[in-house]
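When reading the values below, keep in mind they use all heavy atoms of this one structure, side chains included, and skip hydrogens, waters and symmetry mates.
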Amino acid sequence: MSLTRFTPQAARAFQLPMERPGPFLRCVAPWLAVAIVARLAAATPAPGPSIGFALQALAIGAFATAWMRQVALDEQPVRFGFGLRALLVAVIYQVALMFESFPRPFLELLLDGIKDGPMLAVAGVQIFQLLIGCFFLVLPHVALSKKGEAGGNRLQLMVLAGGLGVGLGYVLCGLPFLVMNMLWDEAAVTLPTEGLPGVAVDAVRLMISFAGIGVASAFFAQVWMVLQGVNPFVNQTPPADTEADSEPKAKRTERLNKLTKKK
């Protein structure tokens, strides 16, 4: 299969927030506000950092779940709607983030002292994301599967069917926001990090992050729907028996013998 077969879904993932501004804002606005509050909580003494981390993870999970269901199922978002799906997506997403960033410290250590070493480390992480991007299909599988359909080997088959094409789409979806984050980090060096200016700096960083999560969520939701229909091993129904196949072997042999004698 072509490596670029999911690039149309990646391109459309950028368009969907503009095509559906109302649902997108209803999905993102309340949880972005929760994430900003979580950042404020993280700046307080213990257990503030732990509470802030948990709140932000839950906000990301709830937003990603609501947006994926809106994209794939046209489900209208519920303000501050939260359930088991969102909790599972939040936990899985945080684990996936830790896993995909695993090579970065080793690459930075390996490339220490080399010109453009940090940029090469970022490129190495992107290659790793290309390889593991298909495993992120677990997120739409949890968010979109009907009750009783999330088990079995359906997810494994979709991961195998998606392959590197899903990874490439994931990298393409995240690349613009990676660049924006790097540019903002450079610009924010000269800005204050405490008080209201510091909150504003963090808020901009969160908006970039949530925009990237929204695009990636829309991409994975579309790919999940495509693989549900395209994968020959998923939802496969056995072909109907033809008249010749359903005919008993003895009668079929007798009928063929008669036809041969006539000739």
Side-chain angles (χ1 to χ4, degrees), residues 1-28 31 60-77 85-86 88-90 92-93 96-97 99-100 125-146 149-150 153-181 208-236:
M1 292 185 179
S2 172
L3 183 65
T4 60
R5 65 188 183 279
F6 294 120
T7 51
Q9 283 76 25
R12 180 154 172 75
F14 286 93
Q15 299 171 1
L16 282 168
M18 294 179 285
E19 293 178 2
R20 309 178 187 181
F24 178 74
L25 289 175
R26 287 196 294 273
C27 286
V28 69
W31 297 112
I60 291 172
F63 162 57
T65 302
W67 184 230
M68 280 190 284
R69 293 184 68 82
Q70 212 292 319
V71 169
L73 308 177
D74 201 26
E75 181 178 284
Q76 294 305 310
R85 291 178 189 271
L88 290 174
V89 168
I92 294 169
Y93 181 71
L97 284 183
F99 181 63
E100 76 171 10
V125 173
Q126 298 300 298
I127 295 173
F128 188 61
Q129 288 178 339
L130 172 69
L131 298 175
I132 68 167
C134 58
F135 294 102
F136 278 75
L137 286 171
V138 67
L139 296 172
H141 191 65
V142 170
L144 303 174
S145 293
K146 295 179 181 178
E149 293 185 356
N153 64 345
R154 181 176 302 185
L155 176 60
Q156 296 92 314
L157 294 173
M158 283 194 292
V159 168
L160 291 173
L164 293 178
V166 179
L168 178 61
Y170 176 50
V171 171
L172 293 176
C173 287
L175 195 57
F177 303 101
L178 173 64
V179 173
M180 282 191 280
N181 261 320
I208 296 172
S209 176
F210 267 67
I213 292 168
V215 170
S217 299
F219 168 71
F220 284 120
Q222 292 178 92
V223 170
W224 187 86
M225 295 296 288
V226 168
L227 291 175
Q228 283 284 90
V230 170
N231 184 2
F233 301 104
V234 177
N235 293 333
Q236 186 182 50

State the [atom1]-[atom2] distance between [X] and [Y], to the nearest 0.5 angstrom.
X      : Y      : atom1 : atom2 : answer
Leu137 : Gln156 : CG    : CD    : 11.5 Å
His141 : Met68  : NE2   : CE    : 12.0 Å
Leu168 : Tyr170 : CG    : OH    : 13.0 Å
Gln228 : Arg154 : CD    : CZ    : 5.5 Å
Phe135 : Leu155 : CZ    : CG    : 9.5 Å

### Task
Apply ring-ring contact (aromatic ring centres under 6.0 Å, His included) to Phe128 and list each qualifying residue two or more places apart in sequence or on a separate chain.
Phe99
Closest heavy-atom contact between [X] and [Y]?
X      : Y      : result
Cys134 : Gly163 : CB-O, 3.5 Å
Ala161 : Leu227 : CB-CD2, 4.0 Å
Leu130 : Leu164 : O-CD2, 3.6 Å
Pro23  : Pro77  : O-CG, 3.7 Å

Is the shortest heavy-atom distance from the side chain of [X] to the side chain of [Y] under 4.5 Å?
X      : Y      : value
Glu100 : Phe136 : yes
Leu172 : Phe14  : no
Leu178 : Gln126 : yes

### Task
Show your working on side-chain contact (heavy atoms from CB on, under 4.5 Å) between Leu16 and Trp67 and close with a plain yes or no.
CA-CA 10 Å; Leu16 282 168; Trp67 184 230; 4.0 Å; yes
### Message
Tell me whether Arg85 contacts the main-chain N or O of Ser145 through its side chain, where contact means a donor paired with an acceptor under 3.5 Å.
### Response
yes
### Task
Kindly say whether Gly162 contributes a backbone atom to a donor-acceptor pair with the side chain of Arg5 at under 3.5 angstrom?
yes
For a quick test of your reading: what N or O donor-acceptor pairs under 3.5 Å do the side chains of residues 209-222 make, sequence neighbours left out?
| from | atom 1 | to | atom 2 | distance (Å) |
| --- | --- | --- | --- | --- |
| Ser217 | OG | Ile213 | O | 2.7 |
| Gln222 | NE2 | Gln9 | O | 3.0 |
| Gln222 | NE2 | Ala218 | O | 3.2 |

### Query
Which one of Ile92, Leu88, Leu144 satisfies the side chain to side chain contact (heavy atoms under 4.5 Å, CB included) criterion with Leu139?
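Exactly one option meets the side chain to side chain contact (heavy atoms under 4.5 Å, CB included) with Leu139, and it is Ile92.
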### Query
What residue pairs, at least two apart or across chains, pass side chain to side chain donor-acceptor pair (under 3.5 Å) with a residue in residues 15-28?
Arg12-Glu19, Arg20-Gln70, Arg26-Gln76
